[in-house]
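Shown next, in structure tokens, is the structure this report addresses.
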Amino acid sequence: MILFDLLFSGPPKTEAQLKKEAKKREKMEKFQQKKEMEEKKKMQPQTEVDPLPDSYSPQFVEAAWYSWWEKQGFFKPEYGNVSEPNPCGVFMMCIPPPNVTGSLHLGHALTNAIQDCLTRWHRMRGETTLWNPGCDHAGIATQVVVEKKLMKERKMSRHDLGRENFIQEVWKWKNEKGDRIYHQLKKLGSSLDWDRACFTMDDKLSFAVQEAFIRMHEEGVIYRSKRLVNWSCTLNSAISDIEVDKKELTGRSLLPVPGYNEKVEFGVLVSFSYKVEGSDEEVVVATTRIETMLGDTAVAVHPNDSRYQHLNGKMVVHPFCDRKMPIVFDDFVDMSFGTGAVKITPAHDHNDYEVGERHKLPFINILDENGLLINGMKRFEARKAVLQALKDLGQFKEVKDNPMVVPVCSRSKDIVEPLLKPQWYVDCREMGKQAADVVRNGELKIIPDHHLKTWFNWMDNIRDWCISRQLWWGHRIPAYFVTLNDPSDMDGHYWVSGRSQEEAREKAAKRFNVTADKISLRQDEDVLDTWFSSGIFPFSIFGWPNESEDLRVFYPGTVLETGHDILFFWVARMVMMSLKLTGSLPFKEVYLHAVVRDAHGRKMSKSLGNVIDPLDVITGISLEGLYALLMDSNLDPLEIEKAKQGQKSDYPSGIPECGTDALRFALCAYTSQGRDINLDVNRILGYRHFCNKLWNAVKFAMRTLGEGFVPWVKAQVREMGQEEVKDRRRMCQDMLCSVLANFYSVVYCVYMILVKPVLSRTDSEGQKQADICRQTLYTCLEVGLRLLSPLMPFVTEELFQRLPRRHAQDSPPSICVTPYPETSEVSSAQRSKDVDRQMEFVMSVVKTIRSLRADYNLTKTRADCETSHSTLHTHLQLTRFSRDALIQGLGQYLYLYGPFQTEWESV
């Protein structure tokens with residue numbers, strides 16, 4: 001045996017390897033324990049509930065409720081009756097479909113916490129409620145992931161496989177990995193109807209995309225044109241503005257670029273001269289992209305610039321060829337910048353493109369789709385060559401630092417190149433006007449209203465939308481190029497769209513008045529921008545353009561909740577396309593939440609080490625575990641070290657287990673911060689302690705239930721209920737979190753302490769008062785749990801199942817389908833202003849004592865206090881009391897000697 005170990009055990013394992021294996025074993029043991037716990041809970045009948053454990057454990061509470069909710073069908077609108085009109089109304093909201101390649105981040109967690117809170121609230125109010133899940137095919141992101149996988153595992157490119165085989169590989173990857181984010185959403189407690197889950201490449205949604213394109217193309221709203229686009233040379237595709245990261249540089253910087261062994265210089269301004277034709281005069285211009293001067297076709301100056309008036313009608317000569325270029329006068333030129341003269345490259349700059357259009361300049365494209373010049377030289381190698389050639393000719397002037405913004409492709413990390421390409425566009429002028437008008441006239445509400453300025457700025461100045469992408473994964477454009485005797489493609493006249501090749505051929509034959517056999521067709525290789533399919537998501541999920549029961553009942557939707565950063569990219573396009581294709585708005589309200597940042601207000605960035613997976617907050621993770629996640633990322637070694645330092649500073653002991661309920665509550669409580677949320681994990685941990693306080697409150701109350709109630713507490717419950725319903729309707733999640741947390745942490749818990757002396761009385765009159773106190777405790781607890789349920793679904797379900805029911809026979813099986821508290825439930829309580837005023841005094845005393853304890857670091861073993869009040873009948877001395885004794889003593893004092901004696905006895 002020893003010989004066997006020596007032969008086959010291999011070299012001794014390092015300390016790091018042993019630690020890694022130990023962590024794996026520990027994780028496996030925890031996983032097995034959790035599975036056993038889940039199985040145990042699943043085996044228990046729902047009517048039989050074990051006694052409450054001594055303390056709150058998120059892992060215990062969240063182990064099995066979600067699967068039970070789902071199995072019981074609580075998340076389906078059919079749990080009521082979807083076919084008959086519901087007098088309570090209908091609530092429908094669709095999820096912002098996350099990318100199929102995505103992994104949950106705190107932005108997702110915030111979105112889903114708010115959305116699920118709204119959904120559960122409407123469901124508890126008795127409305128027919130649907131929160132429809134879905135996932136986006138994420139054209140560029142998914143194709144990049146699968147291409148990298150192919151290259152890594154099989155050393156093959158997509159071109160080696162061919163289009164059809166590559167698409168099969170993508171579907172295979174999607175079926176294996178694509179439901180990961182659904183699992184994460186379930187961990188967050190998202191009450192989505194999973195039977196209605198949609199994928200934007202499903203047949204139903206793909207048919208809707210095809211139909212939308214064809215209808216808009218036949219109407220002339222979709223057209224083909226050759227214009228400048230954001231081009232990624234690495235992806236060989238146009239990309240949308242949202243996929244362009246703007247990297248700010250303060251001066252000369254060297255940046256890595258895919259396909260280059262050495263870093264490339266940016267952040268400098270190169271000045272050189274053009275010779276004026278027929279004279280010794282020259283015009284000095286400056287550029288940050290010197291290689292583009294190969295495509296220059298003019299020099300522009302301001303019409304009011306006196307320095308260049310004498311050059312009106314003159315030409316300058318290109319130094320590398322015989323090209324003569326006019327000096328044009330245009331208002332866009334800034335006279336105060338540099339020499340006041342600007343080189344114009346219409347085919348490679350967005351501003352220059354418009355100048356070229358205005359002055360009818362030639363458009364000279366110097367680059368191909370791979371970023372190569374006509375001689376095969378790479379664009380940034382050409383940058384060096386052009387600079388050297390200008391120096392050799394004596395026309396180079398200077399190079400100096402220049403703050404600038406470099407456009408970087410978020411997917412490939414390549415430098416984005418403006419490139420002139422024929423693409424498909426959506427004419428957005430009329431649709432943009434409609435989208436602005438429905439907000440102006442109040443048909444569509446945008447909350448908060450400080451986003452209205454952004455909305456109107458975009459809609460009133462909207463540009464046409466480029467919708468074609470040079471990819472293989474996505475909805476292939478249903479357009480066909482028609483070949484007759486003249487195959488030239490000038491203005492889209494030779495393109496037809498169709499639901500099939502046969503339909504397209506019939507259209508072409510009719511247009512050109514020839515027989516179908518004279519027509520040859522070639523389908524466009526491009527696919528549609530992912531935002532096109534997302535733009536029709538609110539109605540495509542219900543089977544549009546076909547009629548269906550779901551489309552009739554659930555469209556238009558009620559509200560959209562999402563981040564303000566995609567207000568234009570997604571929200572505006574849904575509004576425009578819904579109005580265009582269905583004649584109605586997709587929803588009545590848009591609620592926009594803030595962007596999540598770290599506790600220091602910094603943007604979440606992998607290189608800073610502050611990107612946190614919500615599941616790590618829910619289950620907890622050690623600092624070493626955070627390090628391990630960094631090592632599995634694609635950051636370079638320097639960035640990894642920087643990120644490690646950030647993690648060590650922010651999470652020296654790792655992230656403690658907080659649980660789903662605490663995370664959801666904290667995220668909703670943060671929504672008052674405006675445009676940004678500075679998320680502090682310690683605050684989430686505070687709400688985990690709040691869950692524990694709630695847990696202990698139920699344990700206490702379970703021993704003291706009865707009938708009757710105390711007016712002042714009832715009034716407090718009524719006030720809380722009114723404010724909470726009002727805040728929920730206004731979507732003020734932060735306000736309702738504050739109200740609920742204050743009630744449980746202060747009012748309810750203090751009340752429990754105050755009634756302990758009452759509950760301990762043994763005389764007959766005392767027993768009557770004790771019964772009333774027990775009923776008050778029950779009423780407050782049961783109503784409070786229902787108020788909390790949309791925010792904290794797991795812990796409230798666990799506690800609610802242990803409470804006795806007022807109507808056991810017809811009581812709903814779950815708190816998530818139990819009616820939400822209405823103010824009418826407690827409106828019978830007679831409010832006493834005197835009692836309210838007196839209890840405010842009690843609460844102020846308690847809060848003051850707690851504040852003093854914190855300020856002077858008073859603990860259970862060290863508490864030296866003296867409290868007095870001039871209006872009290874007796875002066876109370878409290879020396880070296882523990883916290884509990886102090887508060888309990890106060891309660892006994894108020895009961896026996898305080899000004900509430902009459903009110904207490906009247907209970």
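Please read these numbers as outputs of a predicted model, since none were measured by experiment. Numbers for residues simply follow the sequence, beginning at 1.
Counting only heavy atoms from C-beta outward, the side chains of Trp570 and Leu560 approach each other to under 4.5 Å. Side chains of Met293 and Leu390 form a contact here, defined as non-hydrogen atoms less than 4.5 Å apart.
A cation-pi contact links Arg440 to Phe456, judged by a cut-off of 6.0 Å to the six-membered ring centre and 45° from its axis.
In this structure, Glu248 places its CD atom where only 12 or fewer heavy-atom neighbours from other residues, nucleotides or ligands lie under 6.0 Å away. Within a 6.0 Å radius of NZ in Lys314, no more than 12 heavy atoms belonging to other residues, nucleotides or ligands are found. Residue Lys588 qualifies as enclosed at atom NZ: its count of foreign heavy atoms under 6.0 Å is above 12. Within 6.0 Å of atom NZ in Lys247, 12 or fewer heavy atoms from other residues, nucleotides or ligands are found, so the atom counts as exposed in its surroundings.
The list of salt bridge (charged side-chain N to carboxylate O under 4.0 Å, His left out) pairs with a residue in residues 528-539, not counting sequence neighbours, reads Arg469-Asp529. Screening residues 562-572 for salt bridge (charged side-chain N to carboxylate O under 4.0 Å, His left out), with sequence neighbours left out, gives no hits.
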Which donor-acceptor pairs under 3.5 Å do the side chains of residues 320-330 make with protein atoms, sequence neighbours left out?
unit_1 : atom_1 : unit_2 : atom_2 : d
Arg323 : NH1    : Leu294 : O      : 3.1
Arg323 : NH1    : Asp296 : O      : 2.7
Arg323 : NH2    : Leu294 : O      : 3.2
Lys324 : NZ     : Glu277 : OE2    : 2.7
Asp330 : OD1    : Phe332 : N      : 3.0
Asp330 : OD1    : Arg358 : NH2    : 3.0
Asp330 : OD2    : Arg358 : NE     : 3.0
Asp330 : OD2    : Arg358 : NH2    : 3.2
Asp330 : OD2    : His359 : NE2    : 2.8

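Ring-plane geometry between Phe481 and Tyr494 is classed as tilted, the angle between the planes lying from 30 to 60 degrees on a 0 to 90 degree scale. Between Trp424 and Trp495, the angle of the ring planes goes over 60°, which puts this pair in the perpendicular group of the 30/60° scheme. In this pair, Tyr274 and Phe272 present their aromatic rings perpendicular. The plane angle is above 60°, beyond the 30 to 60° band. Between Trp458 and Phe568, the two ring planes are tilted [angle within 30° to 60°].
No donor-acceptor pair under 3.5 Å is formed between the side chain of Asn230 and the backbone N or O of Val416. Counting only distance, with no hydrogens or angles, the side chain of Asp352 and the backbone of Asp349 share no donor-acceptor pair below 3.5 Å. No donor-acceptor distance shorter than 3.5 angstrom exists from the side chain of Ser225 to the backbone of Arg227, with no hydrogens or angles considered. Of the possible donor and acceptor atoms, none in the side chain of Asn370 sits under 3.5 Å from a partner among the backbone N and O of Leu372. Remark: side-chain polar atoms of Asp414 are not paired, donor with acceptor, to backbone N or O of Pro258 under 3.5 angstrom. For Thr142 (side chain) and Gly139 (main-chain N/O), no donor-acceptor pair under 3.5 Å exists by modelled atom type. Side chain of Gln470 to backbone of Ala238: a donor-acceptor contact under 3.5 angstrom is found. In this structure, the side chain of Ser410 engages the main chain of Glu243 through a donor-acceptor pair within 3.5 Å. Side chain of Arg476 to backbone of Asp524: a donor-acceptor contact under 3.5 angstrom is found. Remark: the backbone N or O of Met377 is paired with a side-chain donor or acceptor of Asn375 at under 3.5 angstrom.
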Checklist line | Derivation and outcome, side-chain contact (heavy atoms from CB on, under 4.5 Å), residues Asp550 and Arg196 | finding: CA-CA 10 Å; Asp550 276 5; Arg196 284 181 166 88; 2.9 Å; yes
Handout entry: Audit row: Val482, Ser520, side-chain contact (heavy atoms from CB on, under 4.5 Å) steps and yes/no
Key = CA-CA 6 Å; Val482 181; Ser520 295; over 6 Å; no
Subject >> Evaluation steps, ring pair (Phe, Tyr, Trp, His ring centres under 6.0 Å), between Trp473 and Trp173 >> reply: CA-CA 12 Å; Trp473 173 244; Trp173 177 90; 8.9 Å; no
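Ion pair Glu147/Arg158 flagged as a salt bridge, since at least one NZ, NE, NH1 or NH2 atom sits closer than 4.0 Å to an Asp/Glu carboxylate oxygen. Electrostatic pairing of Arg552 and Glu547 does not count as a salt bridge here, judged by no charged N lying under 4.0 Å from a carboxylate O.
Proximity of the aromatic rings of His159 and Trp472 is defined here by a centroid distance below 6.0 angstrom, and this criterion is met. In summary, the aromatic rings of Phe539 and Tyr555 are positioned with their centroids under 6.0 Å apart. When ring centroids are compared, Phe380 and Phe266 come within the 6.0 Å threshold.
Legend: residues meeting salt bridge (Lys or Arg N to Asp or Glu O under 4.0 Å) with Lys174, ordered by chain and number and at least two apart, are absent. Residues passing the side-chain hydrogen bond (donor to acceptor under 3.5 Å, both in side chains) test with Lys177: none are found, sequence neighbours excluded. Scored by the salt bridge (Lys or Arg N to Asp or Glu O under 4.0 Å) test, Asp427 finds Arg429 as partners (sequence neighbours excluded).
Between the side chains of Lys343 and Thr292, at least one donor-acceptor pair of N or O atoms lies under 3.5 Å. Inspection of the Glu503 and Ser500 side chains reveals no N or O donor paired with an N or O acceptor under 3.5 Å.
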